[in-house]
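Throughout, protein chains are lettered first and strands after them, A, B, ... in sequence-line order, and every chain is numbered starting at 1.
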Protein chains: 2
Amino acid sequence: MALAALALVDSGGLESLTMRRLAASLSVQLPTLYRLFDNKQALLDEMAETVLSGVLGRVHLADDAEWAQRITALARALRDTLLAQRDGARIVGGAYTTKQHTLTLGETMQASMREAGFPADIALWASTTIFSFILGEVLEQQGATGGEVEALTASVSGERYPHFAAAPLALFVDFDARFDFGLRVLLTGLEAERARSTVDTSVQPSPPAGPPAT
Amino acid sequence: MALAALALVDSGGLESLTMRRLAASLSVQLPTLYRLFDNKQALLDEMAETVLSGVLGRVHLADDAEWAQRITALARALRDTLLAQRDGARIVGGAYTTKQHTLTLGETMQASMREAGFPADIALWASTTIFSFILGEVLEQQGATGGEVEALTASVSGERYPHFAAAPLALFVDFDARFDFGLRVLLTGLEAERARSTVDTSVQPSPPAGPPAT
DNA sequence: ACCTGAACACCGTTCAAGT
DNA sequence: ACCTGAACACCGTTCAAGT
């Protein structure tokens with residue numbers, strides 16, 4: 001039933017998801033939904049779980065990959081998963097995130113970092129930081145209307161925003177490049193954090209993470 | 001009127017904001033609101049602008065501060081501003097962000113980075129990256145119910161999530177520390193990005209940004 | 001015991017009818 | 001020309017009355 005709800009969101013956006021429409025699409029009576037979910041929020045939580053359940057399946061990576069490559073693959077998989085579902089970021093961001101697939105994802109990220117020598121607290125915060133960054137980026141991308149460049153161009157035309165005017169505005173809405181940049185910056189910063197915090201690892205310190213293939 | 005709407009959200013949460021209640025709190029008739037705003041989304045956009053208008057006023061910083069200190073001050077001011085308004089992140093994240101105060105904030109961030117020698121595209125993406133990170137963090141913090149540690153403890157009790165179990169769960173909800181960590185990682189990564197991209201600046205390259213005073 | 005028609009208490013938005 | 005009472009077309013949620 002979470003799948004049917006996600007299909008409704010895919011075709012009409014999150015606003016179009018109503019308990020009545022979901023009941024109709026499932027050919028059940030409206031009160032029947034309330035025996036499956038306590039309320040609409042419980043349905044949305046389940047939808048968030050369903051969306052996230054697809055993430056690990058998207059990760060294709062050798063087990064002996066560098067930690068930065070593994071984190072990159074996980075981050076990309078999460079972003080792609082959110083983008084694949086209309087309003088995916090709003091669904092996931094609005095749910096209470098302590099259920100199974102959320103934990104599995106965080107666990108996997110932390111595992112890669114612990115193996116690479118990160119302390120437990122750093123590994124935890126690194127995964128929450130990456131998660132927040134991805135959520136914020138996809139939220140903005142999925143909220144973009146397509147007319148953003150036009151609106152920006154109009155707003156920026158004067159002399160009040162010289163720096164926005166200096167960068168080609170297309171860069172602002174090049175969400176793939178924005179994401180790659182931000183992720184690379186995070187990984188470079190994390191590598192420095194590891195060098196600072198690890199006293200001894202059997203792994204040779206690798207050079208700053210470097211640009212992941214773009 | 002955006003202020004009255006924000007006050008309603010402060011006292012009852014975003015769900016409690018309805019056009020009818022807003023009209024009542026302003027002692028006007030319901031249709032009168034529709035002469036001020038085309039619809040509820042336009043009201044929400046204005047509320048987002050109003051929230052963001054407070055950011056720059058929170059920044060207290062010498063003009064000759066290091067770029068990393070300036071970015072840190074701006075990021076902290078934005079986070080504090082979002083946290084100060086109930087559901088502030090949802091309000092700002094749900095609005096179309098090409099209006100005045102959003103642009104001014106982005107402009108200010110880019111100015112600090114351009115002065116420090118960053119190229120225009122890097123300065124632009126750095127500010128969007130930081131913005132996304134902050135929005136994601138505050139979104140999660142403001143969505144937290146208080147019972148999160150309990151829920152996490154219950155979910156994590158078994159052997160399925162050893163890495164979550166390894167880090168004290170209190171770290172997960174120490175949002176101040178999480179934010180400081182993520183911001184520091186971003187700044188360290190950006191410093192490396194600057195070193196990579198700048199051919200010549202009159203400023204002496206500073207050592208990796210280092211922990212901002214916490 | 002289960003299911004359902006119908007209702008309750010709301011929404012955002014619009015508009016004809018009054019002044 | 002402006003304002004407003006009242007309505008329209010919905011919501012999420014609940015429950016009495018039927019089988």
Original post:
Choosing from D/dT13, D/dT4, C/dG12, which nucleotide comes nearest the side chain of B/Tyr34?
Top reply: C/dG12
Original post:
Considering only side-chain heavy atoms of A/Asn39, which listed nucleotide, D/dG12, D/dT13, D/dA7, is closest?
Top reply: D/dT13
Between [N] ([atom2]) and [X] ([atom1]): distance, integer Å:
| X | N | atom1 | atom2 | answer |
| --- | --- | --- | --- | --- |
| A/Lys40 | C/dC10 | NZ | P | 18 Å |
| A/Leu43 | D/dG12 | CG | P | 10 Å |
| A/Leu33 | C/dC3 | CG | P | 13 Å |
| B/Gln29 | C/dT19 | CD | P | 15 Å |
| A/Met19 | C/dT4 | CE | P | 16 Å |
| A/Leu14 | D/dC11 | CG | C1' | 14 Å |
| A/Asp38 | D/dT13 | CG | C1' | 12 Å |
| A/Leu30 | D/dT14 | CG | C1' | 10 Å |

Subject >> Salt-bridge contact B/Arg76-B/Asp180 (side-chain N to carboxylate O under 4.0 Å) >> reply: yes
**OP:** Taking only Lys NZ, Arg NE, NH1 and NH2, and the carboxylate oxygens of Asp or Glu, determine whether B/Glu193 and A/Arg184 approach each other closer than 4.0 Å.
**Re:** yes
Original post:
So, is A/Arg35 near the phosphate of C/dC2, with a side-chain N or O under 4.0 Å from OP1 or OP2?
Top reply: no
**OP:** Kindly say if A/Arg21 contacts the phosphate of D/dC11, meaning a side-chain N or O under 4.0 Å from OP1 or OP2.
**Re:** yes
**OP:** Could you please name the partner base of D/dA1, counting Watson-Crick and G-U wobble pairs only when both distances are under 3.5 Å?
**Re:** C/dT19
Subject >> C/dA6 - base-pair partner by Watson-Crick or wobble geometry, distances under 3.5 Å >> reply: D/dT14
Original post:
How many angstroms lie between CZ in B/Arg194 and CG in B/Leu187, if you round to the nearest 0.5 Å?
Top reply: 11.5 Å
Original post:
What class does the angle between the rings of A/Trp125 and B/Phe181 fall in, given that below 30° is parallel, 30 to 60° is tilted and above 60° is perpendicular?
Top reply: tilted
**OP:** Could you measure between the two P atoms, the one in C/dA9 and the one in D/dA9, and give it in whole Å?
**Re:** 22 Å
Original post:
Will you find, in the side chains of A/His101 and A/Glu49, an N or O donor that is under 3.5 Å from an N or O acceptor?
Top reply: no
